[in-house]
Participant: 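Here it is, the structure, as structure tokens.
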Amino acid sequence: MDDATYDPSLEELGAKPRRPGLPLEPRRALRILLPHRRRLGLVFAAASAFALLASFFVPKTYSSEAVLLYEGSPLLEGEGGKPSIHAFVQSAVAPSRLGPVRAELGWDVTLDALATRVEASRESESSIRLSATASTAEESYVLASAVLDEFLGHQAAFNAKELERLAAENDASLERAVARRDAAQAAFDAFRKRSGKPDLLDEKEQLLKRAATLRSRADEAAVEIAAQAALITELEQAREELPKQIVATATKGSAIDAPLAKARSDLAQARATLSEEHPRVQALKERVSNLQSQKGAHRVEIGEQTLMANPARASVEQQLASARAALAAARERQAAVEVLLANIQRESEALAPAEGEARQAISELDVAIARAETLTARGAALRDAMLTPITGFRVLSAPVVPERAKKAMPFVLFLVALPVLVLLIYAFALLVRALRELRVEAPREVAWWGNGPVLGSSVWPRQPDALDDFVDELEDQGVYGAGRTLV
């Protein structure tokens, strides 16, 4: 073993060390073959010429193809989803499919031989390609058509049986659903007869609608009561501010009295219909204040006066009476609505004990009716689907008679590899003849066949000039050997 392949851990583990060297030095093999390069070239050229000549006699085949798109059927797939396209690919070329094809064509071939001429492959996630090869265009077309028809026929027959099975299961389920629906209807009718209220749920719904309407009216009455109460408060405040009588005529008196009385009257009328923040009310209040301040600066002369009832106060009192009447009417309506709501509440409470049972009975009946209707519709769909064959596939490209032939690929590959194979065989024969004496020359050959460490070889001392090269090689081996170089 040389230093480059020595590993002490292999000895510790007891493992068999790797055999050093090579059985044949590549450069020696090259030296053996190099003198025969002319012959090797001639052998390669002859093999190539033979392959080229043989290519004209390679049998030709014709190929006809069909492409199918899998669309499926919702009735057959159900909730399981679409099946894998690989299952259809394997089914298309199964022996159970090729047997009927052979019988239909009347060909005297084995199924294995027929399987080599038919191929199915996945074109995409939902499409497959069927191809058939034959020695003539007509045979390839006939074979592809027969394979396609057999595949689609098998799918149609399988789907027809599946539809029959689903229809039978649906009929059984429908029978049970109808029995359950009849039982639920009988239970609901018995409850209506026992409770004495055939339309209990309808009555409860009508009560709820009436209660909602009455609550809306009660809210409207409450809003009107609040509005009328606020209006009455404002009118009473305005009435207190107005005098019962006003001066109609006066022979003597201050010049400010008449404008002041009129301003007060206008202010009272404005307050009866407007709020305190209204600009007209604010302006009249300012005018009254100014006139009162001016009145102190004028001399008052007492004279004869004529008094009369204040028309503004009378108007306010009339509005106040109307507001009180509207308030009383609103309170009466509110009280009447509350009485009606109480009656509805009592009626609703009287229906409550039987309402839960009624809702359970009607819900069970609704579910049973919906289930029966669903199964009836599914049964009708299954029967309609059974009237026409369902393959689940749509033919995108039908087989056609091919116009051009193709050379058989195995023969083409063999002819392409033939020159290289002949060249390798001839080169191997030359090496065997040169090595028939089993003589080793190169260091790595000695290491391989002797299974021992060989550091190198040299022609020194027969050639004194080779000493320097020999020393350089020993130095390299010593560096790589890391202190374990054997000389």
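For clarity, every value in this text was computed on a predicted model and none was experimentally measured.
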Participant: Once rounded to the nearest 0.5 Å, what's the spacing between atom CG of L387 and atom CG of L382?
Facilitator: 11.0 Å
Participant: Is it true that, when you exclude R371 itself, more than 12 heavy atoms of the residues, nucleotides or ligands shown sit nearer than 6.0 Å to its CZ?
Facilitator: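 At most 12 heavy atoms, drawn from other residues, nucleotides or ligands, come within 6.0 Å of this atom.
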Participant: For N170 and L375, indicate whether the former's side chain and the latter's backbone hold a donor-acceptor pair under 3.5 Å.
Facilitator: yes
Participant: Report, as yes or no, whether the 6.0 Å neighbourhood of atom CZ on R217 holds more than 12 heavy atoms from other residues, nucleotides or ligands.
Facilitator: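 No.
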Participant: From Q334 CD over to L341 CG, what is the distance, rounded to the nearest 0.5 angstrom?
Facilitator: 10.5 Å
Participant: May I ask you to decide if V400's main-chain N or O and S64's side chain share a donor-acceptor pair within less than 3.5 Å?
Facilitator: yes
Participant: Measure the shortest side-chain to side-chain distance between T133 and T116 over non-hydrogen atoms and say whether it is less than 4.5 angstrom.
Facilitator: no
Participant: Quick check: closest heavy atoms across R102 and L114, and the distance to 0.1 Å?
Facilitator: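 Heavy atoms of R102 and L114 come nearest at CB-CD2, 4.0 Å.
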Participant: Of all the heavy-atom pairs spanning V401 and A137, show the shortest one and how long it is.
Facilitator: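 Here V401 and A137 meet closest at CG1-CB, 3.8 Å.
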Participant: Do L69 and S126 pass the side-chain contact (heavy atoms from CB on, under 4.5 Å) test, and can you show the C-alpha distance, the side-chain angles, and the key distance before you say yes or no?
Facilitator: CA-CA 6 Å; L69 176 65; S126 58; 3.5 Å; yes
Participant: Counting only heavy atoms not in R122, do more than 12 fall under 6.0 Å of its CZ?
Facilitator: yes
Participant: Of all the heavy-atom pairs spanning A120 and L130, show the shortest one and how long it is.
Facilitator: CB-CD2, 3.6 Å
Participant: Would you call R117 and E139 a salt bridge, taking side-chain N to carboxylate O under 4.0 Å as the test?
Facilitator: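 Salt bridge present between R117 and E139.
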Participant: Report the C-alpha separation of R333 and E338 in whole Å, then their side-chain angles, then the decisive distance to 0.1 Å, and conclude whether the salt bridge (Lys or Arg N to Asp or Glu O under 4.0 Å) test is met.
Facilitator: CA-CA 9 Å; R333 289 198 304 272; E338 291 177 354; over 6 Å; no
Participant: Taking the side chain as C-beta and beyond, is there a heavy-atom pair between V422 and F44 under 4.5 Å?
Facilitator: no
Participant: Contact between Y426 and R39 at the side-chain level, heavy atoms closer than 4.5 Å - yes or no?
Facilitator: yes
Participant: Is the shortest side-chain heavy-atom distance between T376 and V178 below 4.5 Å?
Facilitator: no
Participant: Are R383 and D171 close enough that some pair of their side-chain heavy atoms sits under 4.5 Å apart?
Facilitator: yes
Participant: Taking S127 for its side chain and S124 for its backbone only, find out whether a donor-acceptor pair lies under 3.5 Å.
Facilitator: yes
Participant: Measuring from atom CG of L68 to atom OG1 of T391, what distance do you get when rounded to the nearest 0.5 angstrom?
Facilitator: 8.5 Å
Participant: When rounded to the nearest 0.5 angstrom, what distance separates OG in S173 from CZ in R378?
Facilitator: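 It is 9.0 Å, given to the nearest 0.5 Å.
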Participant: Hey, does V101 have a side-chain heavy atom less than 4.5 Å from the side chain of W107?
Facilitator: no
Participant: Can you tell me how far apart CD (Q228) and CG (L231) are? Round to the nearest 0.5 Å.
Facilitator: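 Reported to 0.5 Å precision, the distance equals 6.0 Å.
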Participant: Is the side chain of R37 donor-acceptor paired with the backbone N or O of L34 at a distance under 3.5 Å, no angle test?
Facilitator: yes
Participant: Heavy-atom count check: over 12 atoms from other residues, nucleotides or ligands less than 6.0 Å from D384 CG?
Facilitator: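 Counting neighbours around CG of D384, more than 12 heavy atoms of other residues, nucleotides or ligands fall under 6.0 Å, so yes.
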Participant: Any side-chain heavy-atom pair from S63 and S131 closer than 4.5 angstrom?
Facilitator: yes
Participant: Which atom pair, heavy atoms only, marks the closest approach of V147 to A92?
Facilitator: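 Looking at all heavy atoms of both residues, the shortest contact is CG1-O, 4.4 Å.
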Participant: Can you tell me how far OG of S121 sits from CD1 of I128, rounded to the nearest 0.5 angstrom?
Facilitator: 8.5 Å
Participant: Taking all non-hydrogen atoms of both residues into account, name the closest pair between A330 and I225 and its distance.
Facilitator: CB-CG1, 3.5 Å
Participant: Any side-chain donor paired with an acceptor under 3.5 Å for R210 and T213?
Facilitator: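 Absent: no donor and acceptor within the cut-off.
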Participant: Should we count CD of E169 as having more than 12 external heavy atoms under 6.0 Å?
Facilitator: yes
Participant: When you look at CZ of F158, are more than 12 heavy atoms from neighbouring residues, nucleotides or ligands closer to it than 6.0 Å?
Facilitator: no
Participant: For a 4.5 angstrom cut-off between non-hydrogen side-chain atoms, does P399 reach L148?
Facilitator: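 They are in side-chain contact.
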Participant: If you compare all heavy atoms of R97 against all heavy atoms of E150, which two are closest, and at what distance to 0.1 Å?
Facilitator: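 R97 and E150 have their closest heavy atoms at O-CG, 3.4 Å.
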Participant: Between F88 and F393, what is the ring plane arrangement, given parallel below 30°, perpendicular above 60°, and tilted in between?
Facilitator: perpendicular
